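Have a look at the structure below, then the notes.
Atom set for the values below is all heavy atoms of this structure, side chains included, hydrogens, waters and symmetry mates excluded. Counting convention: from 1, in listed order, for ligands and their atoms alike. Note that the coordinates shown come from a computational prediction; the quantities given were computed from them, not determined experimentally.
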Amino acid sequence: MNVNQSVPPVPSFGQPQPVYPGYHQSSYGGQSGSTAPTIPYGAYNGPVSGYQQTPPQGMSRAPPSSGAPPTSTAQAPCGQAAYGQFGQGDVQNGPSSTVQMQRLPGSQPFGSPLAPVGNQPAVLQPYGPPPTSAQVTAQLSGMQISGAVAPAPPSSGLGYGPPTSLASASGSFPNSGLYGSYPQGQAPPLSQAQGHPGIQTPQRSAPSQASGFTPPASGGPRLPSMTGPLLPGQSFGGPSVSQPNHVSSPPPQALPPGTQMTGPLGPLPPMHSPQQPGYQPQQNGSFGPTRGPQPNYGSPYPAAPTFGSQSGPQPLPPKRLDPDAIPSPIQVIEDDRNNRGTEPFVTGVRGQVPPLVTTNFLVKDQGNASPRYIRCTSYNIPCTSDMAKQAQVPLAAVIKPLARLPPEEASPYVVDHGESGPLRCNRCKAYMCPFMQFIEGGRRFQCCFCSCINDVPPQYFQHLDHTGKRVDAYDRPELSLGSYEFLATVDYCKNSKFPSPPAFIFMIDVSYNAIRTGLVRLLCEELKSLLDFLPREGGAEESAIRVGFVTYNKVLHFYNVKSSLAQPQMMVVSDVADMFVPLLDGFLVNVNESRAVITSLLDQIPEMFADTRETETVFVPVIQAGMEALKAAECAGKLFLFHTSLPIAEAPGKLKNRDDRKLINTDKEKTLFQPQTGAYQTLAKECVAQGCCVDLFLFPNQYVDVATLSVVPQLTGGSVYKYACFQVENDQERFLSDLRRDVQKVVGFDAVMRVRTSTGIRAVDFFGAFYMSNTTDVELAGLDGDKTVTVEFKHDDRLNEESGALLQCALLYTSCAGQRRLRIHNLALNCCTQLADLYRNCETDTLINYMAKFAYRGVLNSPVKAVRDTLITQCAQILACYRKNCASPSSAGQLILPECMKLLPVYLNCVLKSDVLQPGAEITTDDRAYVRQLVTSMDVAETNVFFYPRLLPLTKSPIESTTEPPAVRASEERLSNGDMYLLENGLNLFLWVGASVQQGVVQSLFSVSSFSQITSGLSVLPVLDNPLSKKVRGLIDSLRAQRSRYMKLIVVKQEDKLEMLFKHFLVEDKSLSGGASYVDFLCHMHKEIRQLLS
Ligand SMILES: [Zn+2]
């Protein structure tokens, strides 16, 4: 099975199927489902094929094949755009009628835009104070391992910084101020070996957004007061990734092959624990040669005698820990693929741990939601809160309510209970599900969540069989499946009125920057064809979604595109402080009816503003206008904003450039992640109330304050895309791919999600792109198939091993045709009284997803170092608790990890050294804010590859092989200079070419005769008719099709300056920003664990 295979382009979702009364799914064949129900019940619809047929990836479907838009006409070279002499405001030379509009009577003023929002869900969970220097010193003094192994010296970041001798580790290093004091690109190279602990070496470190991360070539941020077009050559560097100027520091110290020590850690094999009768022998996370305790074993981990003493630094022995002897992500992924990739995952059994996200597998829904919808950190929950506190394993579920499914899997069935609506528990309001217990011959049911006894309405009555099960159980999705949908009644609609179909409003920045780069022309050309691919309901001939258009710079231009007009009409609103919508009729239209007018408009927009000199933009009034338009049309919808610059024009939400790298590593660093003003949150709140979702496409040439601009997309369930230093020739493929996918994708509008749990646990915290006005309802103006909501649970009572724990996620939303629906996902988990059962049923990938989101939210309120320390401490507690309670007694010198968590250290280290938590000198503030908000709604598969990138060798596997080559570990020492590798992390894609690659290979792939002739930074491979070229290009296409955003290719040559970018993603190695190598971090974790156990 390939979940990523191409499917026919049916862009809509959730279209109702022909209604049929029976429910016969093959997997239920032979069961009582074949018995016709004796009592008629509301019919429900069949498989909603629209969901599964929605193209899983934007790239996999035939895009609107307009071909490359005519970019050349718009491409004045960077900084050389010839612009006319029109003054500001003289831009209206296009549409036939231009009307300066006055406010319509009765339109709503934009109220108190500066009021801060109270209930902001993204700012919870304060961290404790950072450890004092005394604490740090105490921790340092217990550390005996760093001298022996590849040094993991203490820094003020808790012991893993650049390698150094322990002699200088006093825990009070001056580490603030230095980091940000070097302008970008001017960091003096520091010797790795001399790096002072606690000082983040201010060298460059490749950005994780390589293709979009390059700082503006003009260097410093643009001053807010700067107006007027940029002069020729003033700014706008070349392709964002091929700027060798930013890659100036020496290569990082790699682990030299051949210097590793063999036979390192000597963990004990797992043994039966006598104290835990129920604890079955499990595959332990031990690694390396298995051996028993050896008192004098000279491992890198000195055993108890010296542990905890106050002795000084240890001399550095030449030995190193053998990387091959520590847990390998590649091996774990391979093993799971081999063991679990062949059989379907059947969800009928409570508490089953699903295969890893990296394994391709089919799911059969037999009563629990597919792991594509819900993944948990553990499938076995401790019965008591004391146990949970002891283990410190977060109990969380990563929920993707509208996840796209592979074509082989049926989308949720739609159940129609008619006017009575879905059957629910009277007390807790949980929806009917397979776990409800029918009693008294079927006349009543007991709620599985709150135990309340409810009457069964007459129309829903059915007899029970001898096991107490309703005889129609298998005919009804809500009695037999983990996931299904109910048609909602009018009671579930706003103002007790069925919703109108949603609308899309395209809002295009037409300031100087947008015009100059060719963006506006490219976008308008693309929209002409893309509008034919708006989401549709299954059988519908055309999309029900209406569209509208706004352009803006420091004023807004609305367009009347009514079908009866010969030409579009422009209406200008210059009173941005008091935004209103100047026209209702003719603003939101049906694409087919108004096609001629829309085409005419899209042709005219680039011409109208071709000579603009306006560089200032507004932002909040634009969203305000879109939201007001939806309000006036009484519908939900989505705004697509295409924006280029910091909104410095006089208007609500006006921003100033407040970027300050000197704040990094200070207590004020958090302010870089916080919005600059409360106006954005206030606006977001209004948008959510209207069901107005905002997708933001950013094309910045310098700092635009992503942290502030992304507030509205973040709180409305929208997406942010960022194309730094956008140039049509370099970036159009990426932008258009993202745009096509974004416009076409499945969206539920005006949604509310509630997670109910059985007695004993409850949802206490939520992470993702949404808004919450109370503690239980997750409000999503829009929710697409890529977005996840992570929910954390805590005990409020004792759980019961027998009954387990239940989750029910209910999502109420409006489909793209305006149908109100409820999607229900149910999941049953086991409960345990033995900690070993918890550790046997954890999922590390999900744990990391949760921990990353927890940490990335934490930086809003706490110093980044404190956030990192919290993660390390929690991880150490988790592993120490296992060691203490579940592993067999063994020498303290041995590191023993639970099998399910043996990758926790390596993955956690990747999170700790990520750009948000440990930025390199060249990561911009905007990039950090951008990545921070991206991770917030990532699913488990996305965080997995984002934090630990995939590295695929290209010439090792047979040329005829059509499967992906097996990955290798993300470390420089795994690279052979005679080979080539693809590296991807879901956002970036590199092709690394070794210096000794055979000439024939170079010729086949690049059509040049030698390595030296390969263009560094190349982003497109030549299309050549030979097996290798086809294979590599095919593999690149396949990788792109698996991801939700287009990954631009960057060709990197060994020893080339660009290689620094690439090496940033070799996450097992030490990073230039001070991030520990995997080996060093593992040693550090071991020390932390031992400290906890002593
Ligand atoms: Zn109930």
Any N/O/S atom, side chain or main chain, of C452 closer to the Zn ion (ligand 1) than 2.8 Å?
no

Using side-chain contact (heavy atoms from CB on, under 4.5 Å) as the criterion, point out the one residue from L780, D786, L783, T788 that pairs with L402.
L783

Rounded to 10 degrees, the angle SG of C447 makes with SG of C425 at the Zn ion (ligand 1)
110°

Going by the angle between their ring planes, with limits at 30° and 60°, are Y850 and F854 parallel, tilted or perpendicular?
parallel

Face-on cation placement of R470 at Y460 ring, 6.0 Å and 45° thresholds:
yes

Between the Zn ion (ligand 1) and C428, is there an N, O or S atom separated by less than 2.8 Å?
yes

Work out which heavy atom in D365 is nearest to a heavy atom in G482; give both atom names and the distance.
OD1-N, 2.7 Å

